[in-house]
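For reference, the structure is listed below as structure tokens.
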Amino acid sequence: MARYTCLFIVSVPSDHLLPLLVELLQDCQLDIQYHTPDYIIARQVPGNVPFPKLVTVEVLIDKSKSTETETRMSIVIKNQELPLQLNNYCRQMFEFIKQTIESSRHWHLIESLAG
């Protein structure tokens with residue numbers, strides 16, 4: 001199973017972050033499967049990619065460390081693909097979604113740490 005993680009600190013209140021993230025993930029051609037005020041699960045829609053390569057994205061908004069102007073969130077992007085190559089499909093989607101978050105006009109990125 002391929003799995004990539006990243007932590008972001010963005011300059012937006014946590015209460016405003018969830019709808020912005022839902023919109024951002026939908027713009028990345030992901031279907032929102034489940035969400036609460038601090039957690040989102042989104043999946044790629046079957047059809048363009050073989051089933052084992054379909055990506056699942058989990059976003060956790062850390063409200064315990066949020067301030068009025070900054071919010072921490074972590075993302076996990078994974079699929080069933082074995083990461084036999086460094087530049088596998090899951091990694092490509094991770095880089096695409098990470099770049100989309102980093103360049104979003106809805107917030108100012110304070111920090112991004114990929115793991």
Review point. Just by distance, with hydrogens left out, do N79 and E81 show a side-chain donor and acceptor under 3.5 Å apart?
Key: yes
Point to revise | Within-4.5 Å side-chain heavy-atom neighbours: Q44 and D31 | key: no
Check your understanding: What residues, two or more places apart in sequence or in another chain, satisfy side-chain hydrogen bond (donor to acceptor under 3.5 Å, both in side chains) together with E23?
Key -> none
**Study point:** Same cluster (ILVMFWY, side-chain, under 4.5 Å), M93 and F51
**Key:** yes
Review point. Below 4.5 Å, heavy atoms only, C-beta onward: do L18 and I61 meet side chain to side chain?
Key: yes
Review point. Would you call I32 and Q26 a side-chain contact if the rule is heavy atoms closer than 4.5 Å?
Key: yes
Check your understanding: Can you check whether P37 reaches K63 side chain to side chain, under 4.5 Å on heavy atoms?
Key -> yes
Review point. Are I77 and L82 co-members of a hydrophobic cluster defined by side-chain heavy atoms under 4.5 Å apart?
Key: no
Check your understanding: Can you check whether L20's main-chain N or O pairs, donor with acceptor, with W107's side chain at less than 3.5 Å?
Key -> no
**Study point:** Side chain to side chain, I40 and Y34, heavy atoms closer than 4.5 Å
**Key:** no
Check your understanding: Side-chain donor-acceptor pair under 3.5 Å between S112 and E102, yes or no?
Key -> yes
Point to revise | N/O donor-acceptor pair under 3.5 Å between S11 side chain and H108 backbone | key: yes
Exercise for review: Return yes if some donor-acceptor pair links the side-chain N/O of S66 with the main-chain N/O of D62 below 3.5 Å, else return no.
Suggested key: yes
Practice item. Using a strict cut-off of less than 4.0 Å between a Lys/Arg side-chain nitrogen and an Asp/Glu carboxylate oxygen, indicate whether R72 and E111 qualify as a salt bridge. Key: no
**Study point:** Distance in Å, L60 CG paired with T5 OG1, rounded so as to fall on 0.5 Å steps
**Key:** 12.0 Å
Point to revise | T71 side chain to S14 backbone, donor-acceptor under 3.5 Å | key: yes
